[in-house]
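These figures come from a predicted structure and were not determined experimentally. Quick note on labels: first sequence line is chain A, next is B, and so on, each numbered from 1.
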Amino acid sequence: MKVTRKRKRKADIPTASTGDIAFLLIVFFMSTTKFDVKEGVKVQLNKAVNQEQEQTTQIQLTEKEMTRLEIMENGYLKVNDTEPRAFSDSELDKLILDKIEMRDDLNRLETDPDLRSTKMLFLVKTNPEAKYNEMVRVVDHLVTYRDRAMISISTAI
Amino acid sequence: MAKIMMKKKMEANIPTTSTGDIAFLLLLFFMVSTVFVQERVFWVQRDRFPFASENVERVSRNESATIYITRQEEILIDDFPRSVDDNSIVDAMQAKAREIPTLQVCFRTDRDTRYQAVRDVMMRLQDADTRNVVFEVQKKL
């Protein structure tokens, strides 16, 4: 019987263009990617009023312990019970620093060592009709002194 | 008679075998490091963000949720309009907080928006107990 040998065919995949294809894909990804960096001013909101009432007791704070910053509709700032007026960036910084130092002075007189490191509390209350930009501006300045002050953003109606 | 010598031409040969590998490595890097934005539209453009001088911190996209509030006081989360009058914001944020325990809620708000709109959303965030917020800003030049 005559046995015929099968001829083996060579399998050959052309790979010369692989690099070109990959580079085309890279160019596509690079040109369509849109970098979206998130950056902003970080703060922590207070607990919801109903939760807070369950867990805390109310205490009365004096002006030396708490500064109330009220942003008016026209962007003016009312500090505690003073007349509202416009504050420049440098004036705002000075005001915050003065208040922090006032609290530090009070701490020096404190006899209880646990209370000596209490920070000045800044309560930011914004008029509902005021611009969001004004609130962020004040919070941005306050966050500079985050280590020496507590910031509370009021959401109370 | 001068003898003219022919210069031997040297063959320049750049090995291109590894080009494909390099390209695929680059491709893999881009594919792995890309985080896709969940929303299809930037409802508030970056140049409408409020200004901040300092204290601008970066937020990881993997640990954040974005709330858009337009100047017309439309509230959008993941392209869906939400209302402060129902529980949709609370539900959406609680669902995200379950996925990401260190969730930070980023406000992308037009700087001229009335504070009331932002305050109402913040109250909803307090209800949802997702209280770490970031006010996205553009740096003052």
Side-chain angles (χ1 to χ4, degrees), chain A residues 15-30 32-52 71 73 89-90 92-93 124-137 139-146 153-157, chain B residues 16-27 30-31 34-35 37 42 46 49-61 64 66 69 104-120 122-123 125-140:
Chain A
T15 53
S17 58
T18 326
D20 302 335
I21 295 164
F23 269 114
L24 277 174
L25 280 167
I26 291 171
V27 169
F28 170 74
F29 273 100
M30 283 172 74
T32 55
T33 300
K34 196 173 183 181
F35 288 101
D36 179 29
V37 182
K38 284 187 162 197
E39 49 186 19
V41 180
K42 285 185 187 177
V43 283
Q44 190 175 40
L45 299 176
N46 301 330
K47 284 185 177 171
V49 179
N50 52 356
Q51 292 172 15
E52 206 159 64
I71 302 161
E73 191 182 339
D89 287 345
S90 55
L92 199 52
D93 273 328
V124 183
K125 192 166 169 43
T126 312
N127 185 298
E129 298 300 319
K131 283 180 181 172
Y132 167 69
N133 192 39
E134 298 298 333
M135 186 273 285
V136 174
R137 185 175 86 98
V139 172
D140 177 39
H141 282 274
L142 286 172
V143 169
T144 312
Y145 306 98
R146 197 200 293 266
I153 298 174
S154 169
T155 51
I157 299 167
Chain B
T16 53
T17 329
S18 58
T19 324
D21 302 335
I22 295 163
F24 269 111
L25 278 174
L26 278 168
L27 187 63
F30 275 100
M31 285 170 76
T34 302
V35 179
V37 177
F42 290 109
R46 196 168 286 277
F49 288 175
F51 294 101
S53 49
E54 309 141 41
N55 314 306
V56 179
E57 292 176 67
R58 281 207 169 190
V59 184
S60 164
R61 182 161 268 285
S64 63
T66 311
I69 307 175
Q104 290 183 312
V105 183
C106 296
F107 276 89
R108 288 194 159 176
T109 308
D110 190 294
R111 61 173 175 269
D112 291 332
T113 311
R114 281 191 316 148
Y115 176 71
Q116 185 175 359
V118 182
R119 185 199 63 189
D120 291 345
M122 288 202 292
M123 285 168 79
L125 294 181
Q126 287 175 316
D127 293 339
D129 204 22
T130 49
R131 296 179 291 116
N132 290 320
V133 297
V134 180
F135 302 118
E136 286 199 46
V137 292
Q138 53 179 319
K139 281 182 193 167
K140 254 185 212 172

Side chain / backbone / both / neither for B:Val59 at chain A, heavy atoms under 4.5 Å: both

Top residue by heavy-atom pair count (under 4.5 Å) with chain A, among B:Arg114, B:Met31, B:Met122, B:Gln104? B:Arg114

Closest approach of A:Tyr132 to B:Pro50 (non-hydrogen atoms, all atoms of both residues): CE2-CG, 3.5 Å

For B:Ala23 against A:Ile26, the heavy-atom pair lying closest together: O-CD1, 3.0 Å

Heavy-atom pairs under 4.5 Å with chain A, option from B:Asn132, B:Thr113, B:Val133, B:Ile22 with the top count: B:Val133

Residue selection (most heavy-atom pairs with chain A, distance under 4.5 Å) from B:Ser60, B:Ser18, B:Ala117, B:Ala52: B:Ala52

Using non-hydrogen atoms only, which part of A:Ser17 is less than 4.5 Å away from chain B: side chain, backbone, both, or neither? neither

Between A:Asp20, A:Ile71, A:Ile153, A:Thr144, which shows the greatest number of heavy-atom pairs under 4.5 Å with chain B? A:Thr144

Shortest non-hydrogen contact from B:Arg119 to A:Thr155? CD-O, 3.6 Å

Considering only heavy atoms, which portion of B:Asp110 lies under 4.5 Å from any heavy atom of chain A: side chain, backbone, both, or neither? backbone

Between NZ of A:Lys47 and CD of B:Gln126, what distance do you get to the nearest 0.5 Å? 11.5 Å

Do other residues, nucleotides or ligands put more than 12 heavy atoms under 6.0 Å from the CZ atom of B:Arg58? no

Quick check: closest heavy atoms across B:Val134 and A:Lys42, and the distance to 0.1 Å? CG2-CG, 3.7 Å

Of the backbone (N, CA, C, O) and the side chain (C-beta and beyond), which part of A:Asn127 lies under 4.5 Å from a heavy atom of chain B, both, or neither? backbone

Using heavy-atom distances under 4.5 Å, tell me whether A:Val136 contacts chain B through its side chain, its backbone, both, or neither. side chain

Atom CZ in B:Phe51, atom CG in A:Asp89: separation rounded to 0.5 Å? 12.0 Å

Which bit of B:Phe49 is near chain A, if near means a heavy-atom gap under 4.5 Å: side chain, backbone, both or neither? neither

For A:Lys38 and B:Arg61 the tightest heavy-atom approach is CE-NH2, 3.5 Å

Contact winner vs chain B - A:Val143, A:Thr126, A:Val139, heavy-atom pairs under 4.5 Å: A:Thr126

Winner by heavy-atom pair count (cut-off under 4.5 Å) against chain B, out of A:Gln44, A:Met30, A:Glu73: A:Gln44

Grab the two heavy atoms, one from B:Val137 and one from A:Gly40, that are nearest each other, plus how far apart they are. CG2-CA, 3.8 Å

The reported gap from CG in A:Leu45 to CG in B:Asp129 (rounded to nearest 0.5 angstrom) is 10.5 Å

